[in-house]
Amino acid sequence: MLSFQRRGSCALPPLHWLLLLAAWEAGSGQLHYSVSEEAKHGTFVGRIAQDLGLELTELVPRLFRVVSKDRGDLLEVNLQNGILFVNSRIDREELCGRSVECSIHLEVIVDRPLQVFHVEVEVRDINDNPPVFPLKEQRLLIYESKQPDSRFPLEGASDADIGENAVLVYRLSQNEYFSLEPPINSKQTKRPSLILKKVLDREKTPELNLLLTATDGGKPELTGTVQLWVRVLDVNDNDPVFDHLEYKVRIMENAAKETLVITLNATDLDEGANGQLVYSLMSIKPTGRHLFTLDENNGELRVNGTLDYEENKLYEIEVLATDKGTPPMVGHCVVLVEILDTNDNSPEVTLTSLSLPVREDAQPNTVIALISVSDLDSGINGQVTCSLTPNVPFKIVSTFKNYYSLVLDSSLDRERVSTYDLVVIARDGGSPSLSATVSVSVEVADVNDNAPVFAQPEYTVFVKENNPPGAHIFTVSAMDADAQENALVSYSLVERRVGERLLSSYVSVHAESGKVFALQPLDHEELELLQFQVSARDAGVPALGSNVTLQVFVLDENDNAPTLLPHGAVGAGGAVSELVSRSVGSGHVVTKVRAVDADSGYNAWLSYEVQLGTGGVRSPFRVGLYTGEISTTRALDEVDTPRQTLLVLVKDHGEPALTATATVLVSIVENGQAPKSFSQASGRASVPEASLVDVNVYLIIAICAVSSLLVLTLLLYTALRCSALPMVNEATGGPGKPMLVCSSEVGSWSYSQQRRQRVCSGEVLPKTDLMAFSPSLPPNLDRDERERQESESNHPGQPRQPNPDWRYSASLRAGMHSSVHLEEAGILRAGPGGPDQQWPTVSSATPEPEAGEVSPPVGAGVNSNSWTFKYGPGNPKQSGPEPKKQTQVSFLPRRKGEASQPRQ
């Protein structure tokens, strides 16, 4: 396809123009075609090759082409069929404007030979453009005073088409005020006009909205519209009007300056300056112009001075409202201001005859103060009532008109509330009521009604013995809820005797601080528990006081070394001499080292060990770790020296441990030479050795005497028990099972037989049981077996624990060879209807007690009502293995008439 380019008159070179002029004659005739605007692409225009007499086959060889002075892309020739067709959109109005004739001029040029043809294509108009108004909205300003038939020209519409397509007809929307005047045809510009049909009223119809429509004469018809907005301009034809002709207002006489009285409002139906109003005061009756002001713009009437109800009760004010039109229009109203009386005087309160401070023991209805009130107002505004702050132990009582009394309503307690801040309120009967207040601070005077109080009724204090004199051991403190001198607490001891001495020789208390001091070193072995009372008294009148109990336990310290007890033949230097036959076997007990420690607990728990002699030769003897028994470790032979010296170290378990050393001289004799050797040894011994033998004889005699006494006691007890047995069976239903535990050789318990008997005297029913225990070891147990058991029980890896009860004196422990411990408690009833009390029972924990030994349960805080009698062999000389015997008799208090029960 051949495309066309738009060229100007000078676009071709001069040579081409010469050729065109030369060939002009060869081209003959001019073609004319027509096409409608807005035709679609490809629309047929004409067979241009055929109409020009050209063959289709020669179009390309002869360089057939179309040149247009106008836009060359609107039309195009198909070189294959020689048809001229529409190539792009053709807009007549764009191409020719409003010209009546519109055509496109083409020049067709072919070569070989050169020929030029002229073609004219007419563009036909179609109705493709609607009427268009120059503005979307037209505004008209018309005074409401315009007369009917007034004419108001409008801007007409335009149509880009021509001919009948551009002929316009106008229509106006339906309304009652305007009609449409057709345009005048004499002028080229056709403008329609509005004609006023009736008088306008802005107050009723301030504006009108109309629609003007223009229709052209094309087929189909096209229309255009414009909005007509008609605003009716105001004319000052209305007077200002107030909401009310008369206003009534009430205002309090104490209204402050600038207080708003009323806001007046007047309206004017006009607009603009015709509706703008100015307010003014015309007159105030009676004369009082200075009392009120009126804002000329917003109509606010305000107070400008001081109003007084007594001076004038009513004001009549005339107000004007004037607009700014020409001529100005005026509106009138009257404002009636009524002055109201107010309660503008507060009551006055006066306090007289104050009685302060008030004792806390004051009786109710006690007068504290007198109150008088007054009010300058009259009537109900001058009637005053008094009241008091709530929830206080006071009240106000009216005594006379405007006179009151402040009295006590209930009891006082200074420790709970020491000061009361009272507020007396006087209020009148006005509306709103006015009030006045006055504050009264009532202080409560203290009375000594509280005794000093300790935090605890009893304190327990632990003090180590050997304390320095004057050592501080405790501080007591008592609180007194009172004040000043009633709260000053002083401390003192409640004097009593402790044994043969006064309490004040042991301790003292500081009167002000309550510190308790030990005046001298305390000795646990002498005094284990010191119980006393400290008194606290205040300085009030009368003075009040209270007591607190202090229990001071003196704790034991390891301040006593073990003490060796004399035993056997004592030689020179305190050594003990013993004879042993060379024929004894292993485990034979030679002697026993006895020692006591005045301390208690672990400090008195003793252990024994043999120190090796010089040369490191192993001795054939050993000592029991906790029993002190020296026995053979093997059978003696000929190589053993006939005279053995054993150093036994006795050591307690205190921190640090204290020790004592015992020297034992063991002489080994032959079987037949024992008396002779003994005689020779006696001959060589000094006088102290002979005396030692005498002591042993005396000891054996004493043991026999005590044993006889014990046997006699047992026989007497058995007889009395048997005589009272029927009565016991009736009371208890029969005896209990014979089972009880007793102390073994090493302090443990084992089962044994029990024989129960009742002891009674006179006509009183028996109260105490005497229980006899058989030995814990079987009678047929030989010496070697006993030694084996002892060796197992004394194994160093499993030491026996010390007696846990250390609260006993050194003299008692010395008799028992060790400490004593509390086993359990019996029950003692103090007769019919009497109180029950528990008493501890004490038994010995020594491995082998002395014969005839009696151990009363004495100690700190322990009542000595239970006794334990222990009977056994002391340490007689033994010629061979024989079982040790031990008998323990315990007196256990129990209830009257109650059968004894086995101890578990």
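The model shown is predicted, which means the values in this text are computed figures rather than measured ones.
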- Between Ala595 and Val650, what is the shortest heavy-atom contact and its length? CB-CG1, 3.9 Å
- Message: Working to the nearest 0.5 angstrom, can you tell me the gap between Asn466 CG and Lys464 NZ?
- Response: 11.0 Å
- Message: If the condition is side-chain hydrogen bond (donor to acceptor under 3.5 Å, both in side chains), which residues does Asp446 pass it with, not counting sequence neighbours?
- Response: Arg414, Asn486
- Tell me, do Phe454 and Gln456 make a side-chain contact under 4.5 Å, heavy atoms counted? no
- Message: Test your reading of the model: is there a side-chain donor-acceptor pair from Thr663 to the backbone of Leu647, 3.5 Å cut-off?
- Response: no
- Residues in side-chain hydrogen bond (donor to acceptor under 3.5 Å, both in side chains) contact with Glu609, at least two apart in sequence or another chain: none
- Query: Do Glu415 and Asp449 come close enough that some side-chain heavy atom pair is under 4.5 Å?
  - Reply: yes
- Item | Flag, side chain of Ser546 to backbone of Pro452, donor-acceptor distance under 3.5 Å | yes
- Task: Over all heavy atoms of both residues, which pair between Ser505 and Gln520 is shortest? Give the atoms and the distance, please.
- Result: O-CD, 3.8 Å
- Task: May I ask you to decide if the ring planes of Phe517 and His472 are parallel, tilted or perpendicular, using 30° and 60° as cut-offs?
- Result: tilted
- Item | Pairs involving residues 489-498, ordered by first then second residue, that meet side-chain hydrogen bond (donor to acceptor under 3.5 Å, both in side chains) (sequence neighbours left out) | Glu495-Ser504
- Task: Name all residues meeting the salt bridge (Lys or Arg N to Asp or Glu O under 4.0 Å) criterion together with Arg359; count only those two or more places apart in sequence or in a different chain, and write none if there are none.
- Result: Asp361
- Query: Is there side-chain contact between Leu565 and Val596, with at least one heavy-atom pair below 4.5 Å?
  - Reply: yes
- Query: Do Asn448 side-chain atoms and Ala539 backbone N/O form a donor-acceptor pair below 3.5 Å?
  - Reply: no
- Would you check if the side chain of Ser577 reaches a backbone N or O of Leu665 as a donor-acceptor pair within less than 3.5 Å? no
- Item | CD (Gln484) with more than 12 external heavy atoms under 6.0 Å | no
- Task: Output the distance between atom NE2 (His588) and atom OG (Ser631), rounded to the nearest 0.5 Å.
- Result: 9.5 Å
- Task: Would you mind listing every salt bridge (Lys or Arg N to Asp or Glu O under 4.0 Å) that reaches into residues 498-520, with sequence neighbours excluded?
- Result: none
- Return yes if some donor-acceptor pair links the side-chain N/O of His524 with the main-chain N/O of Val554 below 3.5 Å, else return no. yes
- Item | Heavy-atom donor-acceptor pair, Asn450 side chain to Ala481 backbone, under 3.5 Å | no
- Task: Using a 4.5 Å cut-off on heavy atoms from C-beta on, say whether the side chain of Gln531 contacts that of Val498.
- Result: no
- Message: Once rounded to the nearest 0.5 Å, what's the spacing between atom OG of Ser418 and atom CG of Leu412?
- Response: 11.5 Å
- Task: Report the C-alpha separation of Glu578 and Val580 in whole Å, then their side-chain angles, then the decisive distance to 0.1 Å, and conclude whether the side-chain contact (heavy atoms from CB on, under 4.5 Å) test is met.
- Result: CA-CA 7 Å; Glu578 293 292 342; Val580 61; over 6 Å; no
- Task: Let me know which of Leu649, Val664, Val610 forms a side chain to side chain contact (heavy atoms under 4.5 Å, CB included) with Val593.
- Result: Val664
- Task: State the CD-CG distance between Glu528 and Asp523, to the nearest 0.5 angstrom.
- Result: 10.0 Å
- Message: Using every non-hydrogen atom in the two residues, find where Val534 and Val509 come nearest and quote the distance to one decimal.
- Response: CG1-CG2, 4.3 Å
- Atom CD1 of Ile703 and atom OG of Ser708: how far apart are they, to the nearest 0.5 Å? 11.5 Å
- Item | Min side-chain heavy-atom separation Leu527-Tyr506 under 4.5 Å | yes
- What are the two closest heavy atoms between Ile630 and Phe621, and how far apart are they? CG2-CB, 4.2 Å
- Message: As a quick check of understanding, evaluate side-chain contact (heavy atoms from CB on, under 4.5 Å) for Val453 and Met479, giving each step before the final call.
- Response: CA-CA 5 Å; Val453 177; Met479 302 298 296; 5.6 Å; no
- Message: For the backbone of Glu557 and the side chain of Glu465, can you confirm whether one donor and one acceptor N or O come within less than 3.5 Å of each other?
- Response: yes
- Between OG on residue Ser607 and CG on residue Leu625, distance to nearest 0.5 Å: 5.5 Å
- Message: Which heavy atom of Asp559 sits nearest to which heavy atom of Asp556, and what is that distance?
- Response: OD1-OD1, 4.4 Å
- Message: Could you check whether any side-chain N or O of Glu360 sits under 3.5 Å from a backbone N or O of Val447, counting only pairs where one atom can act as donor and the other as acceptor?
- Response: yes
- Task: Please name the pair of heavy atoms, one in Asp599 and one in Asn603, separated by the smallest distance, quoted to 0.1 Å.
- Result: CB-CB, 3.4 Å
- Asp652: what forms a side-chain contact (heavy atoms from CB on, under 4.5 Å) with it, not counting sequence neighbours? Asn558, Pro562, Asp597, Leu606, Ala657, Leu658
- Query: Is the closest side-chain heavy-atom distance between Val552 and Val507 below 4.5 Å?
  - Reply: no
- Item | Side-chain heavy atoms of Val516 within contact of Phe532, under 4.5 Å | yes
- May I ask you to test the Pro521-Pro469 pair for a side-chain heavy-atom distance under 4.5 Å? yes
